[in-house]
Amino acid sequence: MLEPTMFMGTSAWKLQNDVLMAIILPEHGGKVASLVYRSQSWELLFQNPNGTFRKAHRGDDFSDYEACGFDDAFPTVDACEVQIGGRTVQYPDHGELWSAAFTAEAIGEMLCLRWQSPELGYTYEKQIHLAGNRLVCSYRIHNPGNEPLPALWVCHCLVHCEPGMRIVMPPEVTQVENTFTSDWLGEATTKLSYPMAAGPRGNIDLQVMPPDGALKYYAASAVKEGCCRYEYPASQMAAQLEYDSTMLPYLGFWATGGGYRGDVNCALEPTNGYYDGIPNAWQHNACPVLTPDETWNFTLSIQLYPLV
């Protein structure tokens with residue numbers, strides 16, 4: 001079933017099958033605002049604590065708005081200046097999409113979302129459907145212009161947290177890089193072992209949520225396996241992200257135990273660049289460029305299932 005609805009005072013679309021129910025907000029960047037495993041009434045995504053959604057505009061500070069649910073961060077996470085065709089362009093905080101109003105079209109049981117950037121010219125299309133216990137998002141990003149566009153795509157999917165939950169990265173991840181100075185992981189750019197790391201407070205298990213503060217790190221090199229997950233033993237549920245690691249070879253992790261605005265959530269973040277901002281990605285020789293007339297196509301799915 002696919003039908004228009006309202007969610008927290010905002011126009012939305014509801015996708016539902018026998019297993020899952022999802023709520024999509026086209027006017028707020030195509031955000032997936034809710035993803036529920038129906039038989040357990042179990043919500044994966046971190047919910048908007050404000051109860052309503054305010055309309056943002058390009059260049060607004062992301063932290064002033066509702067950081068919740070599943071957004072796509074593109075073409076950056078960190079606000080930065082980028083040189084394109086001899087001109088300086090401002091890439092806004094958490095990218096352009098979260099503040100954009102997408103058009104939405106129902107095609108059978110699939111919701112097709114589209115938007116074109118007035119500033120950068122690229123076209124962005126996301127098709128969302130349910131397949132059993134999976135939410136499937138298929139992306140098509142096209143550059144019709146004459147200038148190459150440095151562009152990071154980051155899965156910005158904030159999930160709720162429970163005591164005892166575990167974050168599971170692929171087994172090949174044995175080292176991570178800290179992205180900002182924190183009490184838990186120390187100075188920015190510090191390399192730490194995974195899953196057990198030695199930080200300023202002593203040893204920390206990076207597979208569990210920090211009890212306070214905030215942290216972010218990336219797997220210190222490209223990851224071949226396009227699969228990571230959350231396990232919630234208290235709810236006896238799990239959520240697994242599956243994606244094409246040739247398109248999204250890097251993997252980050254964000255967590256706040258109240259250190260960011262008092263929020264408690266976390267996010268595994270598959271991405272195509274290393275990491276978060278264009279200048280930093282250039283520095284690491286890991287900045288993707290969407291060349292003229294090039295199209296990026298890729299798929300990311302989220303599978304919900306009971307732990308056994």
Side-chain angles (χ1 to χ4, degrees), residues 10-13 24-33 53-67 69-105 107 110-128 137-157 243 247-248 250 269-282 286-300:
T10 296
S11 298
W13 285 82
I24 317 299
L25 308 182
E27 295 177 8
H28 296 271
K31 179 195 292 289
V32 182
F53 288 88
R54 294 168 298 146
K55 181 57 186 169
H57 301 89
R58 188 187 191 277
D60 284 351
D61 187 337
F62 184 79
S63 66
D64 289 339
Y65 291 84
E66 293 75 36
F70 174 11
D71 297 299
D72 309 332
F74 184 86
T76 188
V77 174
D78 293 341
C80 53
E81 290 187 347
V82 180
Q83 298 297 314
I84 298 177
R87 63 191 176 109
T88 299
V89 178
Q90 298 289 334
Y91 279 14
D93 182 23
H94 281 73
E96 294 190 310
L97 303 180
W98 67 275
S99 61
F102 280 62
T103 62
E105 180 184 6
I107 303 175
M110 177 180 294
L111 185 66
C112 185
L113 302 165
R114 298 183 181 92
W115 183 72
Q116 183 165 14
S117 170
E119 179 71 30
L120 301 175
Y122 63 84
T123 59
Y124 193 95
E125 181 175 310
K126 176 165 64 172
Q127 296 181 344
I128 306 175
C137 299
S138 299
Y139 298 90
R140 183 182 187 274
I141 310 171
H142 177 65
N143 178 8
N146 299 317
E147 301 293 346
L149 300 177
L152 302 182
W153 186 93
V154 183
C155 173
H156 192 257
C157 182
Y243 52 92
M247 284 295 297
L248 305 174
Y250 301 101
E269 299 186 350
T271 175
N272 63 347
Y274 189 85
Y275 51 80
D276 280 3
I278 300 300
N280 198 39
W282 281 127
C287 184
V289 175
L290 187 62
T291 58
D293 203 35
E294 183 181 10
T295 301
W296 291 345
N297 293 284
F298 58 97
T299 298
L300 181 144

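Remember, it's a predicted structure, so these values are computed and weren't measured experimentally.
Proximity of I278 to C287: side-chain heavy atoms (C-beta onward) are separated by under 4.5 Å at one or more points. At a threshold of 4.5 Å between non-hydrogen side-chain atoms, the residues L300 and W153 count as touching. Side chains of S138 and M110 form no contact here, defined as non-hydrogen atoms less than 4.5 Å apart. Side-chain contact between L248 and N272: present, with at least one pair of heavy atoms (C-beta onward) separated by less than 4.5 Å. I128 is listed as a side-chain neighbour of L113, based on a closest heavy-atom distance under 4.5 Å. Counting heavy atoms from C-beta outward, Y139 and Y124 have side chains that approach closer than 4.5 Å. Contact check for V154 versus Y275: no side-chain heavy atoms found under the 4.5 Å cut-off. Between T76 and P150, the closest side-chain pair of non-hydrogen atoms is not below 4.5 Å.
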Walk me through it: do H28 and Y65 pass the test side chain to side chain contact (heavy atoms under 4.5 Å, CB included)?
CA-CA 11 Å; H28 296 271; Y65 291 84; over 6 Å; no
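For F62, the ring pair (Phe, Tyr, Trp, His ring centres under 6.0 Å) partners are H94, W98, H156, not counting sequence neighbours. Residues passing the side-chain contact (heavy atoms from CB on, under 4.5 Å) test with D78, sequence neighbours excluded: D276. Listed by chain and residue number, nothing satisfies the side-chain hydrogen bond (donor to acceptor under 3.5 Å, both in side chains) test with T123 (two or more places apart in sequence, or in another chain). The ring pair (Phe, Tyr, Trp, His ring centres under 6.0 Å) test applied to F70 returns no partner, not counting sequence neighbours. In terms of the salt bridge (charged side-chain N to carboxylate O under 4.0 Å, His left out) criterion, residue partners of R58 (sequence neighbours excluded) are, by chain and number, E96. Every residue two or more places apart in sequence or in another chain that forms a side-chain contact (heavy atoms from CB on, under 4.5 Å) with A151 is listed here: F74, P75, W296. With sequence neighbours excluded, the residues satisfying salt bridge (charged side-chain N to carboxylate O under 4.0 Å, His left out) with E105 are R114. Among residues two or more places apart in sequence or in another chain, the side-chain contact (heavy atoms from CB on, under 4.5 Å) test is passed with Q90 by E81. The side-chain contact (heavy atoms from CB on, under 4.5 Å) search around P292 returns N143, P148, not counting sequence neighbours. Not a single ring pair (Phe, Tyr, Trp, His ring centres under 6.0 Å) links Y91 to another residue, sequence neighbours left out. Under the salt bridge (charged side-chain N to carboxylate O under 4.0 Å, His left out) criterion, E119 pairs with R87, not counting sequence neighbours.
Legend: salt bridge (charged side-chain N to carboxylate O under 4.0 Å, His left out) pairs involving residues 137-156, not counting sequence neighbours: none detected.
In terms of modelled atom types and a separation under 3.5 Å, the side chain of D60 and the main chain of H57 share a donor-acceptor contact. When atom types are taken as modelled, the side chain of K55 and the backbone of S99 share a donor-acceptor pair closer than 3.5 angstrom. Judged purely by atom type and a 3.5 angstrom limit, K126 uses its side chain to pair as donor or acceptor with the backbone of G30. Between the D93 side chain and the D61 main chain, no donor and acceptor come within less than 3.5 Å of each other. A donor-acceptor pair under 3.5 Å is absent between the side-chain atoms of E125 and the main chain of C112, judged by distance alone. Listed for the H142 side chain is a donor-acceptor partner under 3.5 Å among the backbone atoms of E294.
In terms of heavy-atom proximity, W115 sits nearest to P118 at CZ2-CD, 3.6 Å. The shortest heavy-atom contact between P288 and L152 is CD-CD2, 3.6 Å. Scanning both residues, L149 and L120, for their nearest heavy atoms gives CD1-O, 3.8 Å.
Note: T299 OG1 to M247 CE = 10.0 Å, rounded to the nearest 0.5 Å. I24 contributes atom CD1, which lies 11.5 Å from atom CH2 of W13 (distance to the nearest 0.5 angstrom). The OG1 atom of T295 sits 7.5 Å away from the CG atom of L290 when rounded to the nearest 0.5 Å.
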